[in-house]
Amino acid sequence: MKRALLAICTLMLVTGGCSHKSKPQPASIQPIANGTAIVESSGGKQIGYIGMPLDQPVVVQVNGASGSGVAGAAVNFSGPTGVTFTPASALTDSSGQVTSTVSLGQQAGRYKIVASTPDASGKKLELPLDEIALGYQQTLGAQLNGQYCIRCHDPESTPLRVSNMDNLSVKPHPFTEGDTLNKISDADLIAIISHGGPALNKSAEMPPWGYTLSKSDIAALVSYIRAVADPPYESGGLVYAQK
Amino acid sequence: MKNQLKAVWQFFFGDSARAFGSVSLILLVLLAISPAKNHFSQWRHYQKQYLHLIRGRADAVTLERHFQGGIQQIWIPEQQVTDRCTTCHLGLKEASLADVSAVAFRKHPVVPHSLTEFGCTTCHRGQGAATTVEEAHNSTEQWEQPLLPAKYIEAGCGQCHLEKPTATPFLNQGRDLISSNGCTHCHTIKRGDGTYILPDDDPPSLKHIADKTTREWIYAWIKDPQAYAGTATMPNYHLRDDDARDISAFVISQSTALQPPIQPGQTDTKPAEDPAAGTSLYGQSFCASCHAMQNAAGILVGGNVGPELTGIGTKAKPEWLQDWVANPNHYDPGTMMPHYRFDATQVATLAGFLESKTEPDLVANVHLDPATSPQIEHGKKLVVENGCASCHEINGIKKPENFAPELSRIGSKPLSQLLFVEGVEHTLPGYVAAKVRSPRAFGPSLKMPQFNLTPLQIDAITTALLAQTDRSQTQPPAMRIASVQQTKYEPAGHAGQLMGDLRCLTCHVINGHGGDMAPDLTWEGTAVQREWLTQFLKNPETLRPALIRRMPKFNLTDAEITTLADYMMTVYQTPQFDRDSLPVSEFSPAVVEQGRQLFYSKFACQSCHIADYAKDKGYIGPALAGTGKRFYAAWIYHWLQDPQSLRPGTIEPNQHMTDDEARSLTAFLMSLNATGSKEATKK
């Protein structure tokens, strides 16, 4: 009698625990097809803000042996702590694509997220994607960039903002150009922004901003430039330059 | 059994010595409970972990010197801050800990405020005095203000910052959206400084609506405003067919004819022969600066100051369009639209062009029988119930007071006072976001309509609302950064009336009042020469080659231009200096040449400005090829030395020039006398 009661209690506890746990994580999706490759359609290398969803959803495509999209393949998204995906896993649609909205975590920096799908043998095919989250300082830098820098430093023209880059005799470096900018130390970047190109024997077409922007504004711009660098910036500019 | 108990009793309390020993032992154990609890407490555990972490690092000695054990507390009585967060968060000030993976010990990201002055909970919320993770971070039975999620963190800034800080784009966007979606027509939102967030969506009056549009269009519109124009700000009330029928019946029935009445369409004035005339007049008049319209490819092109015009021909009656284009003040004296002085042919051409922009599908299936009086009565009842008069002027219905709950302190609302429904996260941010996202999910009988917002816009509005806390309302005034309020400035006199008619302040700001589309004109009289201003008003040329939005040609008469120029040249002068204080005759050719060299080499002004159309290409700033005919030398001279003092917020960098440099550059710029714009010079 006692044993029976104990067994019932245990069963209830276990099932109770299970149902509680399984609520946030629905049973993993069963694929009805498998692909041989997973590729990015769009949504990688976006610049977002901490805790916020990215502007554009991440779209990945699962391709079959013929190189075209496979419908019904299971795609799983995963990322570091704090990153959320809606949905976190799904089956590809008729064109072989899965679309997921990504929210970044609470820390500023680079987030490596991974989209994966099993192939026919059950091996995981992985597609790593980089996304960037801006914190307070980088956000300030991003805003100032939009106001003061982007017209010359961004080659892209939009109807509301025509790029001035082509009008300059020395082409400015886009801020994503990590190959060049990562080698310049923080102190040099601050000097060139504050005192203009001539401070480092560079073109006078880069004007001095030190009498227009505050020191903290310029520090924020530097932190933004570091945040969006591609390839990523490794801290310690001088050390990096010596490599 | 009984014997055994007796033996135990005997062993511990058999005689007085044993009893004394046992009681002492029990007492000792009891006394040890409290220190033990302290010893094994959660925060000590974190402090040990922290010490372990820093001991492995290169700068261990420095970090250990900074470390202070025990409960730490930031106490700021005037802000009601008692924060013990730094008991566990030990590395907040340590620059070298910026990259540690343990979030708890990481350096705080750079923000303009110091920990000691503001504490933690001022921005992050949570229970500052708590000493366990659970109590400090989450909501407990006794504490309903858990940590603010990272995505809403700018709400912390918004409690004191009533202006628009550069670094809080979401807070700013949220506040703008609250205004532009007209939330505060129904909800009152008072800022900490006693001012109110005011709506700026300017919903139209319905007093003469029957002159403007048809009942069928109103029916289709109120059923689904976004079906007519994707950019429409009017929310969706999810009306049933017969309710929409009755409301449209009432709205038409209450409408009175405009006085003086709109003239029937001037059918005798034939639209121009050229079918492209309408398109080109729409372009020349820069209608797209304010209005958006879908182009042939279905892409929306244009501004968002006025309503979208993609389907205007389906909405507006032809005779109303002609009347409106001829003079918008007739139908709506409060409109932001300027009164262009079009002639009859132009009116017919432009109105004809707009008439051709239709969306016939919208009303194709709307067939309404003539309204009956019970329907009109029912429509009126619905209009009152839905609070339509909160936004729109309607004959016979008063604007309701406090139609919706006040939201001045929504950011501190206790959870116990909120009604949650299934699927809504049980937190205040979750509740607010869900309400903004889909208000009717909280009950079909609720009145708040469905707004047309993207997920990011919903988060932005939630951020702005969460900033409306108790703290924001009650803190000492010295803590607040005041909101930037528009002044009530209006130009005076005859010229003032004319400027009102032309709606200069829709685009230009003068003395702190006006739009942000075009340059600030507060000191225009000190800046430009009268002849240039007259010429510009007659035929506005392109000053900034890269801009789409441009000053339209209003077809002003010479007398009107004289009135405007007289007024602006006299009234809009800066007290900082006299515009005649630097006569051009003072400049020698040598100084001009010196200025040219400075322009092209030291300051490289040609990066952004054009001095010579033949060789310069920079087009961020205005073209300067005609500076000698446009500006006063004194203005240029002072501008070069400190542009922001003359026009706050201009992106022209202050180059920190010497007096001599500024003087030489002024001399060079004043020597530039090209006429007209680039196109004119090319010819």
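The chains referred to below are lettered A, B, ... by the order of the sequence lines, with proteins before strands, and numbering in each begins at 1. All values below come from the heavy atoms of this structure, side chains included, with hydrogens, waters and symmetry mates left out.
In this structure, chain B has a heavy atom under 4.5 Å from the backbone of Asp166(A), while its side chain stays farther away. Contacts of Gln655(B) with chain A are made by both backbone and side-chain atoms, with heavy-atom separations under 4.5 Å. The contact between Ser163(A) and chain B is made entirely by backbone atoms, counting heavy-atom distances below 4.5 Å. Contact of Thr454(B) with chain A is not made at all, since no heavy-atom distance falls under 4.5 Å.
Nearest heavy atoms, Ile620(B) versus Arg151(A): CD1-CB, 3.4 Å. Of all heavy-atom pairs spanning Tyr619(B) and Val162(A), the tightest one is OH-CG1, 3.3 Å. Scanning both residues, Ala604(B) and Ala204(A), for their nearest heavy atoms gives CB-O, 3.4 Å. Between Thr139(A) and Ala167(B), the shortest heavy-atom contact is CG2-O, 3.7 Å.
Against chain B, the residues from residues 128-138 of chain A that qualify, each with a non-hydrogen atom under 4.5 angstrom away, are Tyr136(A), Gln137(A) in number order.
Here the side chain of Asn167(A) pairs no donor or acceptor atom with the backbone of Cys608(B) at under 3.5 angstrom. In this structure, Thr166(B) contributes its side chain and Leu140(A) its backbone to no donor-acceptor pair below 3.5 Å.
Counting heavy-atom pairs closer than 4.5 Å to chain A, the top residue among Asp459(B), Val103(B), Ile651(B), Asp642(B) is Ile651(B).
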Could you list the donor-acceptor pairs under 3.5 angstrom formed between side-chain atoms of residues 190-202 of chain A and any protein atom two or more places apart in sequence or on another chain?
| unit_1 | atom_1 | unit_2 | atom_2 | d |
| --- | --- | --- | --- | --- |
| Ser194(A) | OG | Ile190(A) | O | 2.7 |

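Every residue two or more places apart in sequence or in another chain that forms a salt bridge (charged side-chain N to carboxylate O under 4.0 Å, His left out) with Arg596(B) is listed here: Glu593(B). Thr658(B) is linked by a side-chain contact (heavy atoms from CB on, under 4.5 Å) to Asp660(B), Glu661(B), counting only residues two or more places apart in sequence or in another chain.
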